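Worksheet: one structure, shown below.
In this text the structure is predicted, and so the values were computed from the model without any measurement. Chain letters run A, B, ... following the sequence lines, proteins first, then strands; residues in each count from 1.
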2 protein chains.
Amino acid sequence: MTDERRAAALEHLMTVGRQHSMVTVMFHSAIAAKQGLNATEEKTLDVLQRRGPLTAKDLAEHTGLAPASVTGMLDRLQAKGFVRRVKHPTDKRRVLVELDETRLAELAVFFEEWARDIVRACEEFDAQELETVNRFLEVMTEAQSRATARLTG
Amino acid sequence: MTDERRAAALEHLMTVGRQHSMVTVMFHSAIAAKQGLNATEEKTLDVLQRRGPLTAKDLAEHTGLAPASVTGMLDRLQAKGFVRRVKHPTDKRRVLVELDETRLAELAVFFEEWARDIVRACEEFDAQELETVNRFLEVMTEAQSRATARLTG
DNA sequence: GTAGTTAGTTCGTCCGAACGAAATATTTGT
DNA sequence: ACAAATATTTCGTTCGGACGAACTAACTAC
């Protein structure tokens, strides 16, 4: 009986999860399009956000681009105001790339509105339910991460 | 007390949700890369999957591409074996585009493996918890969908 | 200090993917 | 039946973004 109910929920999850993935991807690319960023540029910004300032070489490795391509991409990102080239403290050959906070602040404004929307949508869930959801998302993030690595590597 | 716990869970949700979005997007683009599809081609396949066989004109509207571009993209998708051009039953000017099942079947094999992984990851959740998760994902899908529309339109 | 290595840029090139305009085939309207 | 409208393709062009090779500047090792 409970087994049956669980099986039904699990099957439903497949459908619902698929739809959720879809709109997540669409949302993501809508944001990118709004900012006039292509996939490579986004990836670069994402890497910088997580790992902090990096050299062009580091970025080349993370993105898989040739050195010349990194130069071109950084030119574009800099022109759009998303990043800055700053001099490396010890090695004058290197170029440190860091995010431009002012540009990120503009983004933050948009995300705040979005976050409020999310919070409102969560009103119908109590503390315990939200904790369950968190646990689920963590487990899923792990699984998706593994699956991606399996595909990429 | 419970309010505090809920607030903590909600804040945690923001972090966890962001990470989950990130890996979802990465997973998605890893699949696309594996199949040798670009963003436009993917979008087209997605539309066809949801709305069934469509004419080139319909696809032009859904993708926002010029007619000439649709022709080129369909040539590519057809060459890769993802779609077929079939003649329209009543109007010989039109071209109906439909998905190639055999190609999708290959994909299905991969997704089955992935689904098993997901099911295993869900073992730690009982029926009630999965129902909560489903409800959450539905609510979120709605919210994300609205946010995307707000950005796009 | 000189040779060799490393980081990044510049330059010329190439390719995929988009476009508009013109061409073709077919349907619709009168 | 004939003109206008519609769906798609073809063709020539353009543009962004990637590349390799050559170049410059700076660090490292001996």
Side-chain angles (χ1 to χ4, degrees), chain A residues 29-30 32-48 51-100 152, chain B residues 29-30 32-48 51-100 152:
Chain A
S29 56
K34 194 80 177 182
Q35 297 177 304
L37 295 174
N38 66 27
T40 313
E41 290 159 356
E42 266 190 285
K43 178 161 192 171
T44 301
L45 293 181
D46 176 49
V47 171
L48 287 173
R51 318 232 170 181
L54 293 175
T55 67
K57 180 130 215 284
D58 294 333
L59 288 173
E61 280 158 11
H62 278 102
T63 58
L65 290 178
S69 312
V70 173
T71 299
M73 188 200 50
L74 291 180
D75 289 345
R76 298 195 305 269
L77 279 179
Q78 200 165 27
K80 291 173 193 160
F82 285 100
V83 302
R84 257 190 312 273
R85 282 175 168 99
V86 302
K87 54 184 168 203
H88 192 281
T90 69
D91 189 339
K92 287 184 212 150
R93 288 171 306 176
R94 301 189 205 191
V95 168
L96 271 182
V97 182
E98 58 181 38
L99 293 171
D100 188 321
T152 306
Chain B
S29 56
K34 195 80 176 181
Q35 298 177 306
L37 295 175
N38 65 25
T40 313
E41 290 159 356
E42 266 190 285
K43 178 160 193 171
T44 301
L45 293 181
D46 176 48
V47 172
L48 287 173
R51 317 230 172 183
L54 293 176
T55 67
K57 181 132 214 286
D58 293 333
L59 289 173
E61 280 158 12
H62 278 102
T63 58
L65 290 177
S69 311
V70 173
T71 299
M73 188 200 50
L74 291 180
D75 289 347
R76 298 195 305 268
L77 280 178
Q78 199 165 26
K80 291 172 192 161
F82 286 100
V83 302
R84 256 191 311 275
R85 282 175 168 99
V86 301
K87 54 185 166 203
H88 193 282
T90 68
D91 189 338
K92 286 184 213 152
R93 287 172 306 178
R94 300 187 203 191
V95 168
L96 271 182
V97 181
E98 57 179 41
L99 294 170
D100 188 321
T152 306

Report summary line: For Arg85(A) and Thr71(A), the nearest pair of non-hydrogen atoms, with its separation, is NH2-O, 3.3 Å
Requested in this report: State whether Asn38(A) places a side-chain N or O below 4.0 Å from either non-bridging phosphate oxygen (OP1 or OP2) of dG16(D).
Outcome: no
Requested in this report: Would you confirm whether Lys80(A), through its side chain, and Gly36(A), through its main-chain N or O, come within 3.5 Å as a donor-acceptor pair?
Outcome: yes
Query - Integer-rounded Å distance: dG17(D) P and Lys43(A) NZ - result: 17 Å
Requested in this report: Please tell me which of Arg93(A) and Pro67(B) maps to the more 5' nucleotide of DNA chain C, matching each residue to the nucleotide holding its nearest heavy atom.
Outcome: Arg93(A)
Report summary line: To the nearest angstrom, the CG-P distance between Leu59(A) and dA18(D) comes to 13 Å
Requested in this report: Between dA18(D), dG17(D), dG20(D), spot the one nearest the side chain of Ala66(A), thanks.
Outcome: dG20(D)
Query - Below 4.0 Å: OP1/OP2 of dT9(D) and any side-chain N or O of Arg85(B) - result: yes
Query raised in the report: Any chance NZ of Lys92(B) has more than 12 other-residue heavy atoms, nucleotides or ligands included, within less than 6.0 Å?
Result: no
Query - Ser69(A) side-chain N/O to dA18(D) phosphate OP1/OP2 under 4.0 Å - result: no
Query raised in the report: Nearest-Å distance, CE (Met73(A)) to C1' (dT9(C))?
Result: 14 Å
Query - Phosphate contact (dA18(C) OP1 or OP2) by Thr40(B) side-chain N/O below 4.0 Å - result: yes
Report summary line: Rounded to whole Å, CZ of Arg94(A) lies from P of dT24(D) at a distance of 22 Å
Report summary line: Of dG20(D), dT10(D), dG8(C), the nucleotide closest to the side chain of Thr71(B) is dT10(D)
Query raised in the report: CG of Leu74(A) versus C1' of dA18(D): gap in Å, rounded?
Result: 14 Å
Requested in this report: Report which part of the nucleic acid Ala68(B) touches: base, sugar-phosphate, or nothing (heavy-atom distance under 4.0 Å, all strands).
Outcome: base
Query raised in the report: Is Thr63(A) touching bases, backbone alone, or none of the nucleic acid, heavy atoms closer than 4.0 Å?
Result: nothing
Query - Side-chain N or O of Lys57(A) closer than 4.0 Å to phosphate OP1/OP2 of dA7(C) - result: yes
Query - Working for side chain to side chain contact (heavy atoms under 4.5 Å, CB included), residues Leu96(B) and Val86(B) - result: CA-CA 5 Å; Leu96(B) 271 182; Val86(B) 301; 3.5 Å; yes
**Report entry** Name of the residue among Val70(A), Leu54(A), Leu59(A), Val97(A) meeting side chain to side chain contact (heavy atoms under 4.5 Å, CB included) with Thr44(A)
**Finding:** Leu59(A)
Query - d(NE2, His88(B); P, dT27(C)) in whole Å - result: 10 Å
Query raised in the report: Over how many whole Å does the gap from Glu61(A) atom CD to dG8(C) atom C1' extend?
Result: 14 Å
Query raised in the report: Counting only side-chain N and O atoms of Arg76(B), is one of them less than 4.0 Å from OP1 or OP2 of dA18(C)?
Result: yes
Query raised in the report: In whole angstrom, what separates Leu65(B)'s CG from dA7(D)'s C1'?
Result: 16 Å
